[in-house]
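All of these numbers come straight from a predicted model, not from anything done at the bench. Any value given below was found using the heavy atoms of this structure, including those in side chains, with hydrogens, waters and symmetry copies removed.
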Number of protein chains: 2
Amino acid sequence: MPPTMKDKILDAAEKRVRGAGFSAMSFRDLASDVGIKSASVHYHFPTKPDLGEALVDRYTSQFKEHLEQIDTASLKTALDSYVALYSQALVLDETICLCAIMGAEAIGLPKNVNQKTKAFFKMNRMWLLDLFQRNGVQNPEDTSCLIVAALEGGMIVASSSDDRAMFDQIAKAAIRSIVTI
Amino acid sequence: MPPTMKDKILDAAEKRVRGAGFSAMSFRDLASDVGIKSASVHYHFPTKPDLGEALVDRYTSQFKEHLEQIDTASLKTALDSYVALYSQALVLDETICLCAIMGAEAIGLPKNVNQKTKAFFKMNRMWLLDLFQRNGVQNPEDTSCLIVAALEGGMIVASSSDDRAMFDQIAKAAIRSIVTI
DNA sequence: GCATGGCTATCTACCAGTTGATAGGCTTTC
DNA sequence: GAAAGCCTATCAACTGGTAGATAGCCATGC
């Protein structure tokens with residue numbers, strides 16, 4: 001089935017937010033992106049916080065689906081697949097993680113959006129924690145936080161340095177600190 | 001001597017940007033913060049890109065001054081001092097690194113501002129690279145990128161998770177991956 | 001001593017454009 | 001006929017930015 005208008009709006013919003021931030025995105029931008037009027041966007045998402053919440057929600061559940069498809073039999077290949085999820089966003093879409101930017105803007109954002117961003121990070125940490133515990137990685141709690149932070153920060157540093165290869169460099173170093181080759 | 005109006009404006013701008021982002025900050029906000037009218041803010045900084053550039057410039061040179069005061073005799077204590085620089089911003093000022101948020105917003109920001117943000121990250125990487133090379137750390141290039149990314153990302157994850165202690169956890173794990181205790 | 005003139009820093013008043021949001025009307029589909 | 005999905009038209013508030021006036025300061029020159 002073809003994508004619903006609701007999804008098309010969320011697609012446009014995701015692209016814009018990941019590029020320039022939540023506060024830099026307007027209903028009129030989205031409207032012209034999908035070919036309707038701004039009043040019609042309000043029909044689908046009454047307020048901007050509503051839109052933000054739906055956006056992070058969808059992003060998180062899509063990310064979760066990808067996580068569930070990762071083969072966790074080997075620590076090394078599981079981590080490689082995990083990193084690839086982030087890397088794709090940076091290289092293919094030429095944008096950073098939605099929650100990296102919404103996390104950075106946090107203080108100026110509606111509270112309901114902040115809660116969803118927080119949940120995204122927690123989900124990531126929990127997935128890694130489980131992986132690390134099952135593989136006997138030392139200090140699994142600290143390490144899972146470190147990996148999430150390194151990848152989120154890596155996207156920001158690499159994209160703002162206009163050096164996509166730097167992300168891979170960072171990811172490689174992060175993995176090496178866990179899995180001794 | 002008392003701070004000039006220019007500095008007071010930059011102080012207010014820094015606080016607001018680090019809280020909610022560059023695009024969420026307006027000339028009128030700053031004006032009311034420092035007790036003048038928005039037209040007078042334009043007198044000191046003609047356009048918003050001008051203000052952004054001056055802001056990141058000042059931030060970078062202040063950070064550089066702090067870096068130069070760090071005693072680099074011991075790798076461990078040097079890294080601890082470096083981390084403390086970031087940690088202070090997060091705990092005392094209750095905000096994240098200026099360049100973390102301006103790096104995240106990058107695509108929607110004026111080019112001159114992006115260049116300055118890029119320069120901030122480069123300065124950090126170079127300082128760490130020198131430290132690592134002089135101390136025989138393996139893969140010094142990759143590792144210096146990783147540390148910057150982990151700390152910048154750590155601020156975002158920790159602040160948006162409303163868990164300041166998480167930053168210390170991340171920093172600790174990052175240092176441990178270099179300096180085996 | 002003091003008028004002249006330029007400079008700095010602020011003001012009031014305004015502009016055109018954008019923002020999130022609402023009210024009410026028009027189709028199409030079930 | 002009613003619900004869904006979109007429209008036009010409009011709103012008040014806010015945006016970055018400009019024009020022109022005003023007040024105080026400080027040097028120059030008579």
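Comment: B:K172 does not engage B:D168 in a salt bridge, judged by the lack of any side-chain N to carboxylate O separation of less than 4.0 angstrom. Under 4.0 Å is where a charged nitrogen must lie from a carboxylate oxygen, and between B:D33 and B:K15 no such pair does.
Distance SG/A:C97 to CD1/B:I156: 9.5 Å, rounded to 0.5 Å. Rounded to the nearest 0.5 angstrom, A:D162 CG and B:K118 NZ are separated by 5.0 Å.
Classification of the B:F120-B:Y59 ring pair by plane angle, with boundaries at 30° and 60°, yields tilted. By the 30° and 60° cut-offs, the orientation of the rings of B:Y86 relative to B:F167 is parallel.
A:D142 meets the side chain to side chain donor-acceptor pair (under 3.5 Å) test with B:Q169, B:R176; sequence neighbours excluded. Remark: B:R125 pairs with no residue by the salt bridge (Lys or Arg N to Asp or Glu O under 4.0 Å) rule, at least two apart or across chains. Considering only residues two or more places apart in sequence or on other chains, A:R134 meets the salt bridge (Lys or Arg N to Asp or Glu O under 4.0 Å) condition with A:D130.
To the nearest angstrom, C1' of D:dA13 lies 13 Å from CG of B:D29.
DNA chain D is contacted by B:M25, B:S26, B:F27, B:R28 of residues 19-28 of chain B, taking any non-hydrogen atom closer than 4.0 Å. Against DNA chain C, the stretch residues 47-56 of chain A makes heavy-atom approaches under 4.0 Å through A:T47, A:K48.
In summary, of the residues considered (B:I170, B:L79, B:L75, B:I147), a side-chain contact (heavy atoms from CB on, under 4.5 Å) with B:I175 occurs for B:L79 alone.
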Taking only N/O atoms, report every protein-nucleotides 9-13 of chain C pair under 3.5 Å with atom names and distance.
from: C:dA9; atom 1: OP2; to: B:Y43; atom 2: OH; distance (Å): 3.1
from: C:dT10; atom 1: OP2; to: B:H44; atom 2: NE2; distance (Å): 2.6
from: C:dC11; atom 1: OP2; to: B:K37; atom 2: N; distance (Å): 2.6
from: C:dC11; atom 1: OP2; to: B:S40; atom 2: OG; distance (Å): 2.8

